[in-house]
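Counting convention: from 1, in listed order, for ligands and their atoms alike. These numbers were taken from a predicted model, which means no experiment stands behind them.
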Amino acid sequence: MKVGMSLTAWVLRQQSMHPGARGQLSTLLTHVSLAARMIAHEVSQAPLTGLVGHAGATNVQGEEQAKLDIVADELFLDAMGTSDLVSTMVSEEREEPEYVSDHSGQGHYTIFYDPLDGSSNIDVNVTVGSIFGIYRQRPNDRGRLTDLFRPGREQVAAGYVMYGASTILVLATEDSKVQGFTLQSEIGEFFLTHPDMQMPEVGKSYSCNQSRQPHWSDAMVAVARRFRDDDVGGEKRTARYVGSLIADFHRTLIKGGIFMYPGEREKPEGKLRLMYEAAPLAFLAEKAGGGAHDGKVRILDKVATKLHERTPLFIGSRVDVEDAFARLNG
Ligand code: P6P
């Protein structure tokens, strides 16, 4: 099989298309690749190195931290911090932002990341992933908390790493389409295997945790029933739910469909986080021709008021997310 270009070559080609580019984003993406390779190694060896199970601590979300959550968080922070280009990093695993350099001027970046989403699945060897969203600092940013609250449409790059049967890095920049790179672990390089990813207009599956139905609004119950019973957009659906956001999103990106984690009566804000889960994936979904909303508002237009803000999430094929939106607001 002819292997596609390496991630390094792709990043440099992207940079060459922008004569004024200083190579900073290229450097950052190279450091993301380093983080991905280090975490992929730890995830693949976890059962052998004892890095499965819980660390005996809870994170800012009040969730039990898996040992790998902590390791992945440290690796991601270290890999990005050594780029000397990152001013601030916000992690799902840390209550406060990490100010990794005293730069607060122009040309530096803020990164929101979930170092290991779905880590509760590690012990049963189910796919997990890292998610990241990158923002270029604005001239007036001074490292204030309020400087961090920006709509996802201002991301200059976003993506995820999927630690599954293969390790796949899926990313897009502000001026590229969605690209998927697969890790050749013996060489330690990612190679382009999924160029210019486009989400099918309408999907093959719908994805939601049906056990939460008693907590849903009547409108949400009707939406799930429609995807179960009707041929939305001419397609009869199947239900698919891994319970690991990256696995469910990656399938939706490739095969089409819709992933839904709605708000609930007791938790109208939903479970998933805006800045380092929904916004990066929404950036990719829209770049791939799909869409993402929270039931009322486009995800990429939402501006957080808290670092670890949660949001309902409807994300996937354009026809499907529009159909869900219409029914939720009919
Ligand atoms: P539930 C994993 O814990 C996670 O954060 C996401 O990866 C996943 O989509 C969601 O929670 C699953 O939540 O309530 O269905 O178990």
Q: Is it true that K302 and E309 make a salt bridge, defined as a side-chain N closer than 4.0 Å to a carboxylate O?
A: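 Looking at K302 and E309, the cut-off is not met.
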Q: How close does the nearest protein non-hydrogen atom get to atom 2 (C) of ligand 1, and which residue and atom is it?
A: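 Going by distance alone, atom 2 (C) of ligand 1 is nearest to G118 CA, 3.7 Å.
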Q: Which residue supplies the protein heavy atom nearest to atom 10 (C) of ligand 1, what is that atom called, and how far is it?
A: K271 NZ, 3.9 Å
Q: So with a 6.0 Å cut-off around CG of D230, is the heavy-atom count from everything else above 12?
A: yes
Q: Polar-atom distance check: Y241 versus ligand 1, any N or O pair below 3.5 Å?
A: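 By distance alone, the answer is yes.
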Q: How far is atom 9 (O) of ligand 1 from its nearest protein heavy atom, and which residue and atom name does that atom have?
A: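 For this ligand atom, the closest protein heavy atom is L245 N, 3.3 Å.
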Q: Numbering the atoms of ligand 1 from 1, which are under 4.0 Å from a heavy atom of G243?
A: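 Listed by number with element: 2 (C), 8 (C), 12 (C).
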Q: Salt bridge check: are R94 and E74 linked by an N-O gap of less than 4.0 Å?
A: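 Result for this pair is yes, salt bridge flagged.
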Q: Looking at ligand 1, does any of its N/O atoms fall within less than 3.5 Å of an N/O of Y261?
A: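 Yes; at least one N/O pair falls below 3.5 Å.
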Q: Do you know which of F191, F181, F190 makes ring pair (Phe, Tyr, Trp, His ring centres under 6.0 Å) with W10?
A: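 With W10 as partner, F191, F181, F190 yield a single ring pair (Phe, Tyr, Trp, His ring centres under 6.0 Å), made by F181.
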Q: Just jot down the ligand 1 atoms closer than 4.0 angstrom to any heavy atom of S244, in number order.
A: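 In order of numbering, the contacting atoms are 7 (O).
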Q: Any non-hydrogen atom of D117 lying under 4.0 Å from ligand 1?
A: yes
Q: Applying the side chain to side chain donor-acceptor pair (under 3.5 Å) criterion to R237, which one of D229, D231, D320 satisfies it?
A: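 Between R237 and the candidates, side chain to side chain donor-acceptor pair (under 3.5 Å) is satisfied uniquely by D320.
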Q: Starting at CG of L245, measure out to CD1 of I131 and round the result to the nearest 0.5 Å.
A: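 One finds 5.0 Å between CG of L245 and CD1 of I131.
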Q: For N209, is at least one N or O under 3.5 Å away from an N or O on ligand 1?
A: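 Yes, since at least one N or O of N209 sits under 3.5 Å from an N or O of ligand 1.
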Q: Listing request: all side-chain hydrogen bond (donor to acceptor under 3.5 Å, both in side chains) pairs with a residue in residues 35-48, at least two apart in sequence or in separate chains.
A: S33-R37
